[in-house]
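Single-structure report; data block below.
Because only heavy atoms are used, hydrogens play no part in the values below, and waters and symmetry mates are left out as well, while side chains stay in.
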Amino acid sequence: MRIYLLVMMLPIFFSGCSDKDKDPLYLDASQPVEKRVNDLMNRMTLQEKVAQMSQYVGIEHMKAAEKDMTVEEMKKSHAKGFYPDLHSTELIEMTKQGLIGSFLHVITSEEANRLQSYAMQSRLKIPLLIGIDAIHGTGLYRGATIYPTPIGQAATFEPELAEKASRQTALEMRATGTHWAFTPNVEVARDARWGRVGETFGEDPFLVGQMGAATVRGLQTSDFTGQDKVLACTKHFIGGSQPVNGINGAPCDISDRTLHEVFMPPFKDCLDAGTYTFMMAHNELNGVPCHTSKYLMKDILRDAWKFNGFIVSDWMDIEQVHEKHCTAATLKDAYLQSVKNGMDMHMHGPEFADAIIELVNEKELPMSRVDDAVSKILTAKFKLGLFENPYIDEKKVSQVLFSAEHRETALEMARKSIVLLKNDNNLLPLDSDRYKKVFVTGPNADNQTILGDWAFEQPDSCVTTVIEGLRMVSPQTDFDFFPFATNLRTMEMSRVLQAKDRARKADLAIVVVGENSMRYMWKDKTCGENVDRYELSLVGLQQQLVEEIYATGVPTIVVLVNGRPLGTEWIAENIPALVEAWEPGSFGGQAVAEILYGKVNPEAKLPITIPRSAGQVQTYYNHKQTSKWFPYGTGKSTNLFEFGYGLNYASFEFSPVKLSARSMNEQDTLRASVEVRNIGERAGTEVVQMYIRDCYSSVVRPLKELKGFHKITLQPGESQTVTFNITAKELSFYDIDMNYGVEKGEFEVMIGNSSRDIDLQRELFTIK
């Protein structure tokens, strides 16, 4: 391996920059970005250009890996950086030589400033672009505001709130020295076994696209120019959310129709919202690794969609083209295939730069391909204001992180993300006067699992756990808390029985179970990145814990804290009250308690179908009729809970659908309306959902597809008319010849408060 650490070739050096050139144009902030990019690139050597395409893990991250992990562990890790022949100290020299363009996993402001100071010692003083996995807040940074994970954000059915949280995330990122968020993940989740479901916005292309686009707008605004914006990174392109066996990075085999109708629309929505970067997917798609796919990177992104930002690889996935996919005989060939077909930046490692330089010198890779990639990366650095000021004021970090405004948004989002799944006999909301002694237990009742994946351990003062929230919201209640350890796999039956004995003495029991996504306790994780499962039951003795508590006869509430749908069939059929909290973030415990005690009326809806077991995977609401043609020979065929479902302490009544016309032309707009009335005794917010079905078509179509939603808040007795516009956009699909458009014939519009047939009002109309 050759790394150019100390010496640049003198002829190239002097041709690129002379002593007389004291005030280069590219450092003049008054000049247009395009001129600044061109001027800088004319001064750059090939090595310096390829350096801009090269990303490395942070030096402190690398030091920790070198200290705490064996070589074999690091080779297998997808979370720890490992360079066998390159020590962390050598990265410092490379940065000073201008041979690194980007870092990731930099999680302190001190290191961010230190790395930029090294870059400022380079010949051209090109600042670093620092990326971080700020999936729901910049959660890898200690003291940051942690919002609900994306699956919970989607449950709000409120893209405006996701945009607000993302805008705040951008401010916290820039305050801590990072400029590029590796989010949103707009893969359409179709396999609950996949550990990264909680990182997505669920199973519906329309909802996923709406939430993803909102995230992009929040991070970048209309234009990411300025020192308070960050780049969004729309990922993973494409198909990783329907992997074989539910395994992260496993092959994806889907039809061209499914690819275009289900998986691509959210990515296009994010592109339309202005996303400046895309990240390719770990997996192969129909036999071709996404990281080398000309079809995805050039034909779709560049040519068809006119994407003008840059494309980044995922964690050393170009290397997997050679080592796992085996479609490149050498690493050098893998790099050639990837970059030639459209890859602009490599995450992460040292071999890439040497290989690209060799390939250009050998005329295997056009210099124009390198220039195209580098110009887009430099454009981002100029627009983000990094050339004017690559540093941050470390004294101001505490003023931005976890600010009052950000805390308020995190709490609001948590409140709106928690789904009430069951409430027999109106057990909820709880009456403090009736239930004076409440027993609380479960592994997720008093720890930071509520933060979800992509969050490191936060200060206790920044996290409200469930038991803390309960004591805060109902201080007059005597809460008897019985703890369990975070490792779900090592629960002991003796502890379960002790909990049962304690529960007998209470008026009510609250059991908080689910999964563990804590990234900093990797061996304890049961959910999150690279923690996939072949079944969906509660891990360890959690199910036994719930059953033993229930067996005491004490009224029991189960709260689920988890990142993926769980097959909790027994609980759903036996426990009177069931709450899906997802992973609700910094103030999740407070939000859960407020809902249980009626301080807040739940309004969230499921963004994904919950199956009874893994045996129903794949299951999703927008299925074809024959996919559920016959019932299973054993067990129930219905899902546990359907997409769009969620209870409320209010009650809503929907009128029949009224149409502005019974037929329309392709150019027309048809209006479909319902009157929604709150027939309950308290105010509530309802998500009014519109689904469309093409009754007869040239190809088989789903039984229903979400095409719009509105949130309304009504006082008791109040009513409101909700109107949806239906245009060709809501009716179009790919016909038998894969032409996109509307077919004439009969359509059905369905409006209600979930995708369940019993919750929908229906009406027919025709396209002439």
Side-chain angles (χ1 to χ4, degrees), residues 5 51-52 54-69 74 77 79-83 86-122 125-135 137-146 169-182 227-228 230-231 233 312 315 345 347-350 380-381 384-402 454-459 462 519-520:
L5 292 177
Q52 293 303 303
S54 303
Q55 184 181 72
Y56 288 79
V57 296
I59 291 173
E60 295 304 317
H61 174 95
M62 191 172 169
K63 286 180 180 178
E66 292 168 342
K67 176 183 176 183
D68 299 334
M69 299 180 71
M74 287 191 285
S77 173
K80 295 290 185 182
F82 170 61
Y83 311 134
L86 183 64
H87 193 264
S88 55
T89 55
E90 296 178 88
L91 259 68
I92 296 174
E93 294 305 316
M94 291 176 65
T95 309
K96 291 178 179 179
Q97 291 292 324
L99 298 177
I100 296 177
S102 178
F103 278 97
L104 78 161
H105 283 340
V106 176
I107 59 172
T108 68
S109 55
E110 295 81 4
E111 184 182 5
N113 274 345
R114 188 164 67 251
L115 290 172
Q116 295 288 11
S117 73
Y118 298 150
M120 291 303 102
Q121 297 177 45
S122 65
K125 297 178 171 54
I126 302 175
L128 299 165
L129 181 66
I130 301 178
I132 195 167
D133 287 281
I135 309 301
T138 183
L140 301 183
Y141 197 97
R142 186 170 175 83
T145 310
I146 314 297
T169 296
L171 296 176
E172 295 201 10
M173 287 179 61
R174 289 308 295 262
T176 54
T178 54
H179 328 105
W180 184 15
F182 298 131
Q227 297 190 12
D228 62 343
V230 301
L231 300 180
C233 185
V312 63
W315 188 274
M345 183 183 286
M347 177 198 290
H348 55 92
K381 293 184 176 184
L384 289 167
L386 297 180
F387 279 86
E388 283 63 63
N389 182 18
Y391 301 110
I392 55 171
D393 186 344
E394 295 174 28
K395 296 179 182 178
K396 293 183 178 180
V397 173
S398 60
Q399 299 174 20
V400 180
L401 260 65
F402 212 63
W454 298 109
F456 284 155
E457 187 173 14
Q458 298 298 315
C462 295
R519 177 163 285 264
Y520 51 94

Quiz item: Going through the checks in order, is the side-chain contact (heavy atoms from CB on, under 4.5 Å) test met by Phe387 and Lys381?
Solution: CA-CA 7 Å; Phe387 279 86; Lys381 293 184 176 184; 3.8 Å; yes
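- Side-chain N or O atoms of Gln458 include one that pairs as donor or acceptor with a backbone N or O of Phe456 at under 3.5 Å.
- Looking at every heavy atom in both residues, Val106 comes nearest to Ala112 through CG1-N, 3.7 Å.
- A donor-acceptor distance shorter than 3.5 angstrom exists from the side chain of Glu90 to the backbone of His87, with no hydrogens or angles considered.
- For the residue pair Gly143 and Pro459, the shortest heavy atom distance occurs at N-CD, 3.8 Å.
- Atom CG of Leu129 sits about 9.0 Å away from atom CD of Gln116, to the nearest 0.5 Å.
- Ring geometry for Phe103 against Tyr56 counts as tilted: the plane angle lies between 30° and 60°, on a 0 to 90° scale.
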Quiz item: Passes side-chain contact (heavy atoms from CB on, under 4.5 Å), Ile132 versus Thr176? Steps please.
Solution: CA-CA 11 Å; Ile132 195 167; Thr176 54; over 6 Å; no
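- Note that CZ of Arg519 is 15.0 Å distant from CD of Glu457, once rounded to the nearest 0.5 Å.
- Ionic pairing of Arg114 and Glu60 is present here: one or more N-O contacts between side-chain nitrogen and carboxylate oxygen are shorter than 4.0 angstrom.
- Environment of NZ in Lys396: sparse, with no more than 12 heavy atoms of neighbouring residues, nucleotides or ligands closer than 6.0 Å.
- When only modelled atom types and interatomic distance are considered, Ser117 and Tyr391 share no side-chain donor-acceptor pair under 3.5 Å.
- Atom CD1 of Ile100 and atom CD of Gln55 lie 10.0 Å apart (nearest 0.5 Å).
- In this structure, the separation between CD1 on Ile146 and OG1 on Thr138 is 7.5 Å, given to the nearest 0.5 Å.
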Practice problem: Determine, stepwise, if the pair Arg174 / Ile392 fulfils side-chain contact (heavy atoms from CB on, under 4.5 Å). | Solution: CA-CA 8 Å; Arg174 289 308 295 262; Ile392 55 171; over 6 Å; no
Practice problem: Would you please test Leu401 and Thr145 for side-chain contact (heavy atoms from CB on, under 4.5 Å) and show each step? | Solution: CA-CA 7 Å; Leu401 260 65; Thr145 310; 6.0 Å; no
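- Shortest non-hydrogen contact noted between Ser102 and Leu128 is N-CD2, 4.3 Å.
- For Ile130 against Gly177, the heavy-atom pair with the smallest separation is CD1-O, 3.6 Å.
- Residues meeting the ring pair (Phe, Tyr, Trp, His ring centres under 6.0 Å) test with Trp180, sequence neighbours left out: Phe182, Phe310.
- At distances below 3.5 Å, not a single donor-acceptor pair connects side-chain atoms of Ser88 with backbone N or O atoms of Ile59.
- Looking only at distances, no side-chain donor or acceptor of Gln97 sits under 3.5 Å from a matching main-chain atom of Gln121.
- Classification of the His348-Trp315 ring pair by plane angle, with boundaries at 30° and 60°, yields perpendicular.
- When all heavy atoms of His105 and Asp133 are compared, the pair lying nearest together is CE1-OD2, 3.8 Å.
- Between atom CD1 of residue Ile126 and atom CG of residue Leu386 there is a gap of 11.5 Å, rounded to the nearest 0.5 Å.
- Summarising the geometry, atom CG belonging to Asn113 is positioned 11.0 Å from atom CE belonging to Met120; distances are rounded to the nearest 0.5 Å.
- Heavy-atom minimum distance, Ala455 versus Leu140: N-CD2, 4.2 Å.
- Among residues two or more places apart in sequence or in another chain, the ring pair (Phe, Tyr, Trp, His ring centres under 6.0 Å) test is passed with Tyr118 by none.
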